[in-house]
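Structure, as structure tokens:
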Amino acid sequence: MIAKISSTENLGGALGYNFKKVEKGEASILLAQGLFQNREGTYTMAEVFADMQALIPEKCRTKKMVFHCSLNPHPDEKLSNETLMQIAREYMEALGYGKQPYIVFKHNDITREHIHIVSLRVDGEGRKINDKFEKRRSKQISDILERKFGLIPSLKGADKAGGET
């Protein structure tokens with residue numbers, strides 16, 4: 001499984017990218033942690049944006065406070081939604097974002113089904129979530145999850161050429 005992590009200050013951009021895919025039928029929302037769900041039991045871009053924005057303190061010194069990553073299983077693997085949700089939960093917990101609000105999208109716009117996770121890099125006090133050696137830790141976590149779930153291992157060095165969107 002290949003993980004691609006990015007950080008940005010543009011919460012609307014990260015959410016908008018994924019919600020546009022949902023609107024086009026190229027993605028679906030699998031899971032949300034710590035976010036308001038409306039009466040219809042759905043999540044809208046405006047509501048998720050407002051929820052996350054409200055959790056960012058006004059005097060936050062962290063510039064790139066948005067965490068956006070994609071987790072990409074091998075193209076030959078077709079994982080159930082339940083398995084993808086469990087992988088997302090365990091990945092976020094192990095990386096240190098388990099208590100953060102986050103939303104998980106399953107993309108099916110290319111042959112490789114994959115998930116995107118959008119979260120915050122700061123807690124409610126404005127403190128930055130520890131991101132030291134984040135990419136290295138992410139790779140170690142991905143390797144552990146591959147073994148735990150019996151996934152096809154990613155090739156060494158394939159992190160650069162993931163083929164995901």
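The structure displayed is predicted, hence computed values, not measured ones. Position 1 is the first residue of the sequence, and the numbers go up from there.
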Exercise. With sequence neighbours left out, what residues match E77 under salt bridge (Lys or Arg N to Asp or Glu O under 4.0 Å)?
Worked result: none
For this session: Applying ring-ring contact (aromatic ring centres under 6.0 Å, His included), name anything that partners Y102, two or more places apart in sequence or on another chain.
Result: none
Exercise. In this structure, which one of I117, L30, L31, V22 forms a side-chain contact (heavy atoms from CB on, under 4.5 Å) with F105?
Worked result: V22
For this session: Taking all non-hydrogen atoms of both residues into account, name the closest pair between R112 and P73 and its distance.
Result: NH1-O, 3.0 Å
Exercise. Honestly curious: do I29 and Y17 fall in one hydrophobic cluster under the side-chain, below-4.5 Å linking rule?
Worked result: no
Problem set entry | Nearest heavy-atom neighbours spanning A3 and S142 | CB-OG, 3.9 Å
Exercise. Looking only at heavy atoms, what is the nearest atom pair of M52 and S119, with distance?
Worked result: CE-CA, 4.1 Å
Exercise. Where do M85 and L79 land on the side-chain contact (heavy atoms from CB on, under 4.5 Å) test, with the steps shown first?
Worked result: CA-CA 10 Å; M85 288 189 289; L79 304 176; over 6 Å; no
Problem set entry | Any donor-acceptor N/O pair, D51 side chain to L35 backbone, under 3.5 Å | no
Exercise. Would you call L95 and I5 a side-chain contact if the rule is heavy atoms closer than 4.5 Å?
Worked result: yes
Seminar exercise, completed: Applying side-chain hydrogen bond (donor to acceptor under 3.5 Å, both in side chains) to N130 and not counting sequence neighbours gives none
For this session: Ignoring hydrogens and angles, state whether a donor on the side chain of N10 or T8 is under 3.5 Å from an acceptor on the partner side chain.
Result: no
Problem set entry | Beyond-backbone contact of I103 with F19, side-chain heavy atoms, under 4.5 angstrom | yes
For this session: Sequence neighbours left out, what passes side-chain hydrogen bond (donor to acceptor under 3.5 Å, both in side chains) with S7? Give chain and number order.
Result: none
Problem set entry | Set of residues satisfying ring-ring contact (aromatic ring centres under 6.0 Å, His included) with respect to Y43, sequence neighbours excluded | none
Exercise. Side-chain heavy atoms under 4.5 angstrom apart, residues restricted to Ile, Leu, Val, Met, Phe, Trp, Tyr: same cluster for I129 and L55?
Worked result: no
Problem set entry | Those residues that, when tested against E47, pass salt bridge (Lys or Arg N to Asp or Glu O under 4.0 Å) (two or more places apart) | none
Exercise. Counting distance only, does the side-chain N/O of H107 pair as donor-acceptor with the main-chain N or O of D109 below 3.5 Å?
Worked result: no
Exercise. Should the heavy atoms of other residues, nucleotides or ligands under 6.0 Å from NZ of K78 be counted, would the total exceed 12?
Worked result: yes
Problem set entry | Contacts of Y91 that satisfy ring-ring contact (aromatic ring centres under 6.0 Å, His included) - sequence neighbours left out | none
For this session: Take S154 and K139 through the test side-chain contact (heavy atoms from CB on, under 4.5 Å) and record every step on the way to the result.
Result: CA-CA 10 Å; S154 60; K139 176 66 174 134; 3.2 Å; yes
Problem set entry | salt bridge (Lys or Arg N to Asp or Glu O under 4.0 Å) contacts touching residues 86-107 (sequence neighbours left out) | E90-K148, K106-E113
Exercise. Charged N to carboxylate O under 4.0 angstrom, R147 versus D143?
Worked result: no
Seminar exercise, completed: ring-ring contact (aromatic ring centres under 6.0 Å, His included) pairs touching residues 125-155, sequence neighbours excluded, are none
For this session: Go through the structure and list residues passing side-chain hydrogen bond (donor to acceptor under 3.5 Å, both in side chains) with E134, not counting sequence neighbours.
Result: Y97, R121
For this session: Kindly work out whether a path of hydrophobic side-chain contacts (I/L/V/M/F/W/Y, heavy atoms less than 4.5 Å apart) joins V104 to I141.
Result: yes
Problem set entry | Non-neighbouring partners of D123 that pass side-chain hydrogen bond (donor to acceptor under 3.5 Å, both in side chains), sequence neighbours left out | R127
For this session: Start with the C-alpha gap between L71 and L84, add the side-chain angles, then the distance that decides, and say whether side-chain contact (heavy atoms from CB on, under 4.5 Å) holds.
Result: CA-CA 9 Å; L71 298 178; L84 289 170; over 6 Å; no
Exercise. Is there side-chain contact between L145 and L151, with heavy atoms separated by less than 4.5 Å?
Worked result: no
May I have the list of side-chain donor-acceptor pairs in residues 62-69 shorter than 3.5 Å, sequence neighbours left out?
| from | atom 1 | to | atom 2 | distance (Å) |
| --- | --- | --- | --- | --- |
| H68 | NE2 | N18 | ND2 | 3.4 |
| H68 | NE2 | H116 | ND1 | 3.0 |

Exercise. N72 side chain to I2 main-chain N or O, any donor-acceptor pair under 3.5 Å?
Worked result: yes
